[in-house]
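Quick notes on the structure that follows.
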Amino acid sequence: MTEDAPLSAQDALIALMIAVSASDENIRTAELVEISNAINMLPVFAGYDPERLPRMSKLVFELLEPEDGLEALFGLIRDALPERLFETAYALSCDVAAADGLIDEQEGRMLEEIREELDLDRLHAAAIERGARARHLTL
């Protein structure tokens with residue numbers, strides 16, 4: 001990927017997961033492991049070049065700095081992501097947020113923004129959220 005090339009759908013999914021992890025300004029190991037596991041295990045990331053990860057991280061962090069950066073990030077994601085992957089994007093985001101066992105206020109707001117930006121049905125989003133919570137419960 002060149003510096004000015006558009007994001008691929010896979011890049012957009014990864015950028016969204018990174019943004020959720022960074023939303024509370026505390027990127028936890030469990031969140032990084034969740035992102036890594038998703039990239040390594042899920043069919044949607046088949047063929048993804050992991051060498052692109054540092055570029056995606058840099059892009060997300062640069063976009064989150066200015067006040068309107070989140071809006072710019074969502075614009076890139078909407079341009080790159082086919083609508084059929086919107087629920088997948090939200091599910092991955094919820095999994096990253098829930099990975100450390102706690103969805104704090106900032107992560108909750110980020111998930112709300114993602115729901116709105118992707119125009120997800122509230123009932124579908126609630127089911128995705130519940131599934132993420134169930135997958136990340138501890139004893």
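Remember, it's a predicted structure, so these values are computed and weren't measured experimentally. Heavy-atom basis, side chains included; hydrogens, waters and symmetry copies ignored.
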What are the two closest non-hydrogen atoms of [X] and [Y], and how far apart are they?
| X | Y | result |
| --- | --- | --- |
| Glu129 | Cys94 | CG-SG, 3.8 Å |
| Met17 | Ala38 | SD-CB, 4.2 Å |
| Met110 | Phe74 | SD-CZ, 4.2 Å |
| Ile114 | Ser93 | CD1-OG, 3.7 Å |
| Met56 | Leu7 | CE-CD2, 3.5 Å |
| Glu31 | Val96 | CG-O, 3.4 Å |

Short question: side chain of [X], backbone of [Y] - any donor-acceptor pair under 3.5 Å?
| X | Y | result |
| --- | --- | --- |
| Glu117 | Glu71 | no |
| Ser23 | Val20 | yes |
| Glu107 | Ser21 | no |
| Asp79 | Leu76 | no |

(request) In plain terms, say whether Glu34 and Arg135 are close enough for a salt bridge, that is, a side-chain N and a carboxylate O under 4.0 Å apart. (result)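 Not counted as a salt bridge, because no side-chain N and carboxylate O are separated by less than 4.0 Å.
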(request) May I ask you to decide whether Arg109 forms a salt bridge with Glu105, counting only side-chain N to carboxylate O separations under 4.0 Å? (result)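 Glu105 and Arg109: salt-bridged.
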(request) Treat each ILVMFWY residue as a node, draw an edge where side-chain heavy atoms are under 4.5 Å apart, and state whether Ile77 and Phe61 are in one component. (result)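 In one cluster with Ile77: Phe61, yes.
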